[in-house]
A.B. asks: 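Mind looking over this structure? Questions follow.
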Amino acid sequence: MKRGSTKAFSPPPPSITIAAEPFRISSHSTALALRHDEHEIATCDGATVRVNDARSGQLLRSASIQGLHANHGEVLLAFSVDGALLFVGATPGGGEHSDPVLVLDANTLSALRTIEPEFDATAIAGHPSDPSLVLVAGTRLAMYDARAGRIFAELAASGAGRPAQRALFSPSGRWLAIKTDSSVELWSVATLERTKTYPLATWSAAIAFSSDSERLFVCTQGRLVSLSVASDERPFERPFAAKVTASVNGPTALFELDDDEMLLCLGADLRVFDARTLELRRSATDRCHIGDRVLSRDRKVLFANNAEGAIERVELDRLDVRRPAIATEVHTLAWLDDETLIAAHDEAIAKATLATATIEPVRAFDESFNTAAASANGRFAAVATTHSSEPTQLIACESGRVEQRLAGFDGDVLAVSDDRRFVAEMRGTRLLLWRDGVEARVATKSGHVKRAAFVGPRTLCWISAGGVFFADVETASEKRFVKVSGCSAIGTNGRDLAIVATAASLRVFDASGSESTAIAAKSARFTSAAISADATMVAGGTRDGRLLVARRDGGGAASAVPLRSTAILAVAFSPDGGRLAVATAEPELFVYDVATLLR
């Protein structure tokens, strides 16, 4: 944040949580396909194909299938454009088998034939006007004539040799888009030649054509890209930020709606963008974020898998207008309770409620502040404004009331104790400790203090170029020093332990300065760190957007990448240790399920 900058804050209106219609299809499948007449929806779990009524959810017919080893990968499912055929396949998942693609009669689910490609299938797409054409995509592409039962053309997809992750025909049938993890390719269906390749700086998560087939939309990590299909016009890009959601690990999907709008599905977050400007028009949250999503032809109903192993339908006209809730970088995160998160950003102290996925300001500021810190229990936050005339403020997060104004000038708030008696602040090379509103100086011989945290009710821990320091807050003089090089981030469980991030590890210290556990980290340059309240788990975020979560007993570790590669500014475990909040510099605010990350 640049000192002295100002920005008006306008509180966002309440967000909308979508209530699904009383429509449920029991299914543990992550693959969905909607028949051309939209009266039937097909699912497949790798062993059984089921067809249900798309209006009532009633099961119409089912059949066991043989020959797929879908437990190794993901199920592929697609109807032919006339609805007469249903194609079923599975992506490779590390098994020894190369799965065929099965062609079923959509009315009876009886097997008509088997496609035995020379390579593993990774995507299936039906041509929009020719019922006999389907695409099977791998590192090569095969065009299959279902009427003749043979492959009639093979294409050399992806010059980089990367397997295609998805294939999509344009509505006109003239173009074929191929998505890999590093590029999007456009092919002419008439000539079977590649016409364009769009390199992507980050992996592409979803693609969609406009209804006139003139533009291709791509969702990458944190950006929407609009590409011209026929001209050499430069791509138009716009970043987006993800709001609070109970899970952001679900798939990403992109659809075109009527009136020049695009629907973007990010886990449980649904957003509608202007297709010309890519600006956000409205958004909402649903529970359906596990597997495939299928959009109805009138583009008003979305069928999706939910977290309970069922399929639900979502009426998209329930989306209401909502402005972005967090528009600037989050400085600090803390939890009030297991369902409520406090986030301090450049315009407000905000409260996020997971049950409704809403973010609303507890206290808004007329001007941007410079830094903020919250107590480990989330009850209090201290804010230093950008102007020297404005003192540091101590704020009660639940009421938004200013509890105390601390005289001073242009400091950086580092830490607040749970009982609000102590506030640590950095001014130049001086570490100041406010004790019951009275200023005390803590001696620092190592220069600039990077981060600080309160360890228990009486101990302040901070890191600087010299290492890790501990001081008694009552006397502000007793100090212990642990020589640790390359310290970059610090966190605490609010009681007796602090976690310090270095270039090679996440290291846990107690209030006496003794190191109890060192956890190796594959990623360097940490920007944030946290330890759970029960001291069983640690987490760290890096400058390039990687998230490391580990159990201290070594029982598991997982790396997760949020929706874009950018610095992770803050991480915080919920009091019960079940969720991990992550704030990034774009700005974004995520909430992960810890058990899912550690699988």
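As the structure is a computational prediction, the values presented were derived from the model and not from experiment. Heavy atoms only: backbone and side chains are in, while hydrogens, waters and symmetry mates are out.
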A.B. asks: Check whether any side-chain heavy atom of S516 sits under 4.5 Å from a side-chain heavy atom of D510, and report yes or no.
C.D. replies: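 No, too far: nothing below the 4.5 Å cut-off.
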A.B. asks: Mind checking the OG-CZ spacing from S512 to R480? Nearest 0.5 Å is all I need.
C.D. replies: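 So the gap between those two atoms works out to 6.5 Å.
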A.B. asks: Main chain of T475, side chain of R435: is a donor-acceptor contact present, judged purely on distance under 3.5 Å?
C.D. replies: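 No, because the side chain of R435 does not come within donor-acceptor range (under 3.5 Å) of the backbone of T475.
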A.B. asks: Determine, stepwise, if the pair L547 / L580 fulfils side-chain contact (heavy atoms from CB on, under 4.5 Å).
C.D. replies: CA-CA 10 Å; L547 178 66; L580 180 67; 3.9 Å; yes
A.B. asks: Sub-3.5 Å donor-acceptor pair from the side chain of R552 to the main-chain atoms of V538, do we have one?
C.D. replies: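 Here the side-chain-to-backbone pair does not exist.
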A.B. asks: For D337, which residues count as a side-chain contact (heavy atoms from CB on, under 4.5 Å) partner, sequence neighbours excluded?
C.D. replies: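 Only E339, T340 meet the side-chain contact (heavy atoms from CB on, under 4.5 Å) criterion with D337.
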A.B. asks: Looking at every non-hydrogen atom in both residues, tell me the closest pair between V571 and A539 and how far apart they are.
C.D. replies: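 Between these two residues, the closest heavy atoms are CG2-O, 4.1 Å.
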A.B. asks: What are the two closest heavy atoms between A376 and G494, and how far apart are they?
C.D. replies: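 Of all heavy-atom pairs spanning A376 and G494, the closest is CB-CA, 3.7 Å.
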A.B. asks: At their closest point, which heavy atom of A489 faces which heavy atom of I463, and how far apart are they?
C.D. replies: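 Looking at all heavy atoms of both residues, the shortest contact is N-CD1, 3.5 Å.
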A.B. asks: Would you sort out whether L341 and L333 count as a side-chain contact (heavy atoms from CB on, under 4.5 Å), showing the intermediate values?
C.D. replies: CA-CA 7 Å; L341 184 69; L333 290 175; 4.2 Å; yes
A.B. asks: Please list, chain by chain and in numerical order, all residues satisfying salt bridge (charged side-chain N to carboxylate O under 4.0 Å, His left out) with R405, sequence neighbours excluded.
C.D. replies: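 Applying salt bridge (charged side-chain N to carboxylate O under 4.0 Å, His left out) to R405 gives E390.
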A.B. asks: Could you pull out all residues at least two apart from S375 that satisfy side-chain hydrogen bond (donor to acceptor under 3.5 Å, both in side chains)?
C.D. replies: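 So S375 forms a side-chain hydrogen bond (donor to acceptor under 3.5 Å, both in side chains) with N377.
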A.B. asks: Considering only residues two or more places apart or on different chains, which pairs with a residue in residues 481-490 satisfy side-chain hydrogen bond (donor to acceptor under 3.5 Å, both in side chains)?
C.D. replies: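 Counting only pairs at least two positions apart or across chains, no side-chain hydrogen bond (donor to acceptor under 3.5 Å, both in side chains) contact touches residues 481-490.
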A.B. asks: Quick one: list whatever passes salt bridge (charged side-chain N to carboxylate O under 4.0 Å, His left out) with E515, sequence neighbours left out.
C.D. replies: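 With neighbours one apart ignored, the set is R507.
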A.B. asks: For a side-chain contact (heavy atoms from CB on, under 4.5 Å) check, start with the C-alpha distance between L431 and L414, then their side-chain angles and the critical distance, and finish with the verdict.
C.D. replies: CA-CA 9 Å; L431 180 61; L414 299 175; 3.7 Å; yes
A.B. asks: Using the test side-chain hydrogen bond (donor to acceptor under 3.5 Å, both in side chains), find all partners of S532 that sit at least two apart in sequence or belong to another chain.
C.D. replies: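 In terms of side-chain hydrogen bond (donor to acceptor under 3.5 Å, both in side chains), with neighbours along the sequence ignored, S532 is linked to D534.
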A.B. asks: Return the CH2 to SG distance between W462 and C487, rounded to the nearest 0.5 Å.
C.D. replies: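 With rounding to 0.5 Å, CH2 (W462) is 13.0 Å from SG (C487).
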A.B. asks: Nearest 0.5 Å, what's the OG1-CG distance between T459 and D472?
C.D. replies: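 It comes to 6.0 Å.
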A.B. asks: Taking only residues two or more places apart in sequence, or in another chain, which ones meet R363 in a salt bridge (charged side-chain N to carboxylate O under 4.0 Å, His left out)?
C.D. replies: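 Partners of R363 under the salt bridge (charged side-chain N to carboxylate O under 4.0 Å, His left out) test: none.
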A.B. asks: Between R543 (side chain only) and T527 (backbone N and O only), is there a donor and an acceptor less than 3.5 Å apart?
C.D. replies: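 Such a contact is absent between R543 side chain and T527 backbone.
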A.B. asks: With rounding to the nearest 0.5 angstrom, report the CZ to CZ distance, F217 to F273.
C.D. replies: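 With rounding to 0.5 Å, CZ (F217) is 11.5 Å from CZ (F273).
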A.B. asks: Please enumerate all residues that pass salt bridge (charged side-chain N to carboxylate O under 4.0 Å, His left out) together with E398, with sequence neighbours excluded.
C.D. replies: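 Salt bridge (charged side-chain N to carboxylate O under 4.0 Å, His left out) check on E398 returns R379.
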A.B. asks: Can you list the residues that meet the side-chain hydrogen bond (donor to acceptor under 3.5 Å, both in side chains) rule with S417, with sequence neighbours excluded?
C.D. replies: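 By the side-chain hydrogen bond (donor to acceptor under 3.5 Å, both in side chains) rule, S417 matches D419.
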A.B. asks: Main chain of V508, side chain of T517: is a donor-acceptor contact present, judged purely on distance under 3.5 Å?
C.D. replies: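 No.
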A.B. asks: Not counting sequence neighbours, which residues clear side-chain hydrogen bond (donor to acceptor under 3.5 Å, both in side chains) with D418? List them please.
C.D. replies: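 So D418 forms no side-chain hydrogen bond (donor to acceptor under 3.5 Å, both in side chains) with any residue.
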A.B. asks: Do the side chains of D553 and T536 get nearer than 4.5 Å, heavy atoms only?
C.D. replies: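 Counting from C-beta outward, T536 and D553 never come under 4.5 Å.
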A.B. asks: Which atoms form the tightest heavy-atom contact between V455 and D496, and what is the distance?
C.D. replies: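 Minimum heavy-atom contact is CG1-C, 3.4 Å.
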A.B. asks: Ignoring hydrogens and angles, tell me if any N or O in the side chain of T371 forms a donor-acceptor pair with the backbone of V413 under 3.5 Å.
C.D. replies: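 Checked: pair present.
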A.B. asks: With no hydrogens and no angle check, is any side-chain donor or acceptor of T492 less than 3.5 Å from a backbone partner on F454?
C.D. replies: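 Answer holds: yes.
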A.B. asks: Taking side-chain contact (heavy atoms from CB on, under 4.5 Å) as the test, write out the residues that go with S574, two or more places apart.
C.D. replies: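 W335, D338, D576, R579.
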A.B. asks: Enumerate the residue pairs fulfilling ring pair (Phe, Tyr, Trp, His ring centres under 6.0 Å) with a member in residues 475-504, sequence neighbours excluded, ordered by first and then second residue.
C.D. replies: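 Pairs touching residues 475-504 that pass the test: F469-F481.
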A.B. asks: Provide the closest heavy-atom pair for I531 versus N493 in the form atom of the first, atom of the second, distance.
C.D. replies: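 Looks like CG2-N, 3.3 Å.
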A.B. asks: Identify the two heavy atoms, one from T502 and one from F526, that lie closest to each other, and give their separation to 0.1 Å.
C.D. replies: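 Here T502 and F526 meet closest at O-CD1, 3.3 Å.
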A.B. asks: Would you give the length of the straight line joining atom CD of E474 to atom CZ of F422, rounded to the nearest 0.5 angstrom?
C.D. replies: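 One finds 4.0 Å between CD of E474 and CZ of F422.
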A.B. asks: Please evaluate residues F380 and V423 with respect to the criterion side-chain contact (heavy atoms from CB on, under 4.5 Å), reporting the C-alpha separation (whole Å), side-chain torsions for both, the decisive distance (0.1 Å), and the verdict.
C.D. replies: CA-CA 10 Å; F380 303 97; V423 177; over 6 Å; no
A.B. asks: When rounded to the nearest 0.5 angstrom, what is the spacing between CG in L257 and CG in L263?
C.D. replies: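 Interatomic distance, L257 CG to L263 CG, rounded to 0.5 Å: 5.0 Å.
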